[in-house]
Amino acid sequence: MDNRSIAQLLSETADLLEISSGDPFRIRSYRRAAEAVESTTVQISAIAGDAKKLQEIPGIGKGMASNIQDIEKTGSLPLRDELLQKYKPTMLELLKLPGMGPKSVALFWEALQVASVDELEAAIAAGRLKDLPRFGEKQIEKLRKGIEDYKKNSGRFLIDTGEEAAEKLIAYLREFPGLTTIQPAGSLRRGRETVGDLDILVTGPACAEDKVQAAVDYTAAYPPIANLIAKGQNKVSFILRSGLQVDVRLLPEASYGAALQYFTGSKMHNVSIRQRALKRGYTLSEYALAKVDDGSFVAGATEEDIYAALSLAWIPPELRENNGEIEAAEKGTLPKLIEQSDIRGDVHMHTNATDGRNTIREMAEAALARGYEYIAITDHSKNLAMTNGLDDARALEHVRRIREVDAEMEGRIRVFPGIEVDILGDGEIDLADETLAQMDVVVASVHTLFNQPREQMTERVLRAIENPYVRILGHPTGRLLLRREPFELDLPTVMRRAAELGVAMEHNAYPDRLDLSDRDLRLAKELGCKISVNTDSHHTSHMEKMRYGIRQLRRAWLTKEDVLNTLPAKQFLAALRPRP
DNA sequence: GCCGTTTTCGGCCCGACTGTTTTCAGTCG
């Protein structure tokens, strides 16, 4: 079993323990172990036979090592099975609703025998929550909205989950001789935040009509398949253990480009493209672009051929949403979209001084290895007590250490001192101005403000960015996809003021918290609001998540010029709001 | 349940915020 699945089982056990009001420290151990398994570079299944080796991983002790061995052997662990006798697996789903924690899940179960999102929805509709302690009108309304939102998104997976699943499957398919080109299409290729299912296109000599059956059989034998839905001439559909549905299509080389174009979508883009084809006497299908009158082949081997035959420049998949990209492709005015290699620095990251995993030096080395020219270390401030946030004294001491590391790196990479401060309930920043004055990068973070009316929220954020030391507004929408609704914040007003003040807007690149939607990003550009795309890395390995942020920027038509951290170090600092 | 040591057990990141409380529980990061 892969690390992620093991981590998931441990984490589920922690959730179940919490619902059963188990020992909080024991619960934390399971959570820590889950995190350790997820973030370690060691492949757990490879060393599962050796309890000693397992215990070398920090956070894994004797008991946890034995739990992991049980997981490898049986696919579960005794404690989890035991708890699942008492509670239902669907209760874990309830925890995903905003405002729902283990105590509420336990309460609903004990008082109402409600154990799933559907049952909760029915209970709310029937007014059965009214007599419950702690549940007044507002709480019930919040839950109702939360369920609505959850249902809208459920069934979809975050892009990184989709991408990982795709990469594994592609690696498997590559083992089969004669499959030369294997590529994901659909929303994964378009770089959407979430994917509903995976479309994988395959071609090569082994996909020729008389040979394809062997490749189809091989695909259908992919070990992680939980449920094979269909196996036909050139298509295999299945559901993975994770619940993700996958469609693999094996196509002859001549129609590969047509298929890629067709299955990449989006639907609206394809409708427009096909209309355009018809106007020119062509018809476009997933097999080819052909003449309407005699059906003769025009193009199909590559996407470029097809677009060119329609007098269009090739359109990057991220733009294919029928938002003017076809007109731009016709006129030759498609933007040169930002690329990952344009990014020169990542200016929001944490170290083990607070809740990060690595030292300043380790973060700097990892960033250097990625080819960055600079980073900013922005650990948490004291308000986030749970992260061991820095008070003024510790923050200043941290600045000193960051400067030391900066010197140690001898110019190979710059390491800027910074901090991620919280915006408090009154719009104040939780550290003194004298402390902030020592920082190159002050990220004022919205993420601790919750559940507030839109006006109040907006007012506090506006107040916070008036602080002259604040240079970047962090987590501007506090958006955690599939988990919570976006903050109620008057974003245009905030962006307008940020633009006036020269405060940059952060776009968090992390897949589950891509802060700004395509629309938000376009709006920022329109309003002249500067954008910095950061990973908020808590571990050296998190820096690679930058690519998801870049995809999102591309979807919003942004170019290198629209993003601050494509600038060299000095210009980057100069482009931020001037310090008092 | 882990860790570190005091080698056998005690300590383990906690403060803000909300809604429903009439003094606080639950959730969040």
Side-chain angles (χ1 to χ4, degrees), chain A residues 10-11 13-19 21-37 51 54-68 70 77-80 94-108 129-143 146 350 352-357 379-391 394 420-431 443 445-453 456-457 460 474-475 478-480 483-485 487-488 508 510 512-513 536 538:
Chain A
L10 292 172
S11 166
T13 308
D15 287 339
L16 288 164
L17 271 172
E18 230 175 341
I19 292 169
S21 6
D23 172 14
F25 295 110
R26 193 175 174 214
I27 294 165
R28 190 181 300 162
S29 286
Y30 277 88
R31 290 213 191 289
R32 274 202 62 192
E35 281 171 31
V37 166
L54 285 173
Q55 288 179 60
E56 279 171 20
I57 300 169
I60 311 275
K62 212 172 153 194
M64 213 52 83
S66 134
N67 280 334
I68 289 171
D70 284 332
L77 64 167
L79 178 62
R80 176 171 172 274
L94 278 174
L95 285 172
K96 290 183 183 160
L97 297 175
M100 277 292 279
K103 289 290 189 298
S104 305
V105 173
L107 176 69
F108 291 159
L129 262 61
K130 281 196 183 113
D131 303 323
L132 254 42
R134 297 201 324 271
F135 282 89
E137 223 170 276
K138 278 192 176 173
Q139 287 284 23
I140 293 174
E141 179 56 20
K142 204 166 93 185
L143 275 179
H350 300 268
N352 56 9
T354 60
D355 62 348
R357 298 290 158 73
D379 272 303
H380 291 289
S381 58
K382 64 184 177 189
N383 183 56
L384 225 51
M386 153 242 194
T387 65
N388 190 23
L390 308 172
D391 59 18
R394 286 181 61 218
E420 178 181 11
V421 288
D422 283 1
I423 300 171
L424 298 179
D426 53 5
E428 290 294 312
I429 301 299
D430 66 330
L431 290 183
V443 180
S445 181
V446 178
H447 69 180
T448 50
L449 302 174
F450 277 110
N451 300 324
Q452 294 171 26
Q456 200 177 335
M457 195 65 201
R460 289 173 179 183
H475 300 285
R479 187 157 171 254
L480 297 176
R483 176 86 176 93
R484 181 180 301 112
E485 289 178 87
F487 279 0
E488 287 286 333
N508 197 306
Y510 225 77
D512 66 350
R513 51 188 65 178
D536 190 8
H538 286 66

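What you see is a predicted model; the values in this text were computed from it and never measured. Residue numbering restarts at 1 for every chain, and letters A, B, ... go by the order of the sequence lines.
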Nearest to the side chain of [X] - [options]?
| X | options | result |
| --- | --- | --- |
| A/K138 | B/dT20, B/dG26, B/dG1 | B/dT20 |
| A/S29 | B/dT20, B/dC2, B/dG26 | B/dC2 |
| A/R26 | B/dT27, B/dG1, B/dT18 | B/dG1 |

*Do the side chain of A/D422 and the main chain of A/L424 share a donor and acceptor less than 3.5 angstrom apart?*
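Not a single qualifying donor-acceptor pair exists.
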
*Using atom types as modelled and distance alone, determine if a side-chain donor or acceptor of A/R80 lies under 3.5 Å from a backbone N or O of A/T13.*
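No; judged by distance alone, with no hydrogens or angles, the pair does not exist.
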
Distance between [atom1] atoms of [N] and [M] (Å, rounded):
| N | M | atom1 | result |
| --- | --- | --- | --- |
| B/dG1 | B/dT8 | P | 22 Å |
| B/dT21 | B/dA16 | P | 24 Å |
| B/dC12 | B/dG19 | P | 32 Å |
| B/dT20 | B/dA25 | C1' | 9 Å |
| B/dC3 | B/dC13 | P | 13 Å |
| B/dG15 | B/dG10 | P | 24 Å |
| B/dT18 | B/dT23 | C1' | 15 Å |

*What string of B, S and - do you get for nucleotides 6-13 of chain B, 5' to 3', if B is base contact, S is sugar-phosphate-only contact and - is no contact with any protein heavy atom under 4.0 Å?*
------BB

*Taking 4.0 angstrom as the limit, do A/R28 and A/E18 come out as a salt bridge?*
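Salt bridge flag = no for A/E18 with A/R28.
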
*Would you call A/K96 and A/D15 a salt bridge, using N to O less than 4.0 angstrom?*
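No salt bridge links A/K96 with A/D15.
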
*Using a 4.5 Å cut-off on heavy atoms from C-beta on, say whether the side chain of A/E420 contacts that of A/H475.*
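The answer is yes; the side chains approach within 4.5 Å.
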
Base, sugar-phosphate alone, or nothing: which one does [X] contact when heavy atoms must sit under 4.0 Å apart?
| X | result |
| --- | --- |
| A/P24 | nothing |
| A/K62 | sugar-phosphate |
| A/Q456 | nothing |
| A/S104 | sugar-phosphate |
| A/L424 | sugar-phosphate |

*State whether A/R134 places a side-chain N or O below 4.0 Å from either non-bridging phosphate oxygen (OP1 or OP2) of B/dT20.*
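No, no such contact exists.
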
_A/I19 CD1 - B/dG26 P separation (whole Å)_ =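 To the nearest whole Å, that distance equals 14 Å.
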
*asked:* Distance check needed: B/dT20 P versus A/D131 CG, whole Å only.
replied: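 Atom-to-atom, A/D131 to B/dT20, this comes out as 14 Å.
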
*asked:* Below 30° counts as parallel, above 60° as perpendicular, anything between as tilted: where do the rings of A/H538 and A/H350 land?
replied: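 Parallel, since the angle between the ring planes stays under 30°.
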
*Starting from the 5' end of DNA chain B, give me the residue, A/H380 or A/F135, whose nearest nucleotide shows up first.*
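Its nearest nucleotide being more 5', the pick is A/F135.
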
*Please tell me which of A/P133 and A/L384 maps to the more 5' nucleotide of DNA chain B, matching each residue to the nucleotide holding its nearest heavy atom.*
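First, find each residue's nearest nucleotide; the 5'-ward one identifies A/P133.
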
*Any strand is fair game: report the nucleotide pairing with B/dG1 by Watson-Crick or G-U wobble, both distances under 3.5 Å, or none.*
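Check on B/dG1: paired to B/dC12, both distances under 3.5 Å.
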
*Do you know which of A/D430, A/L384, A/L390 makes side-chain contact (heavy atoms from CB on, under 4.5 Å) with A/V421?*
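Running side-chain contact (heavy atoms from CB on, under 4.5 Å) over A/D430, A/L384, A/L390 with A/V421 returns exactly one hit, A/D430.
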
*Please say which of A/L77, A/L54, A/L79 ends up in a side-chain contact (heavy atoms from CB on, under 4.5 Å) with A/N67.*
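Only one of A/L77, A/L54, A/L79 forms a side-chain contact (heavy atoms from CB on, under 4.5 Å) with A/N67, namely A/L77.
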
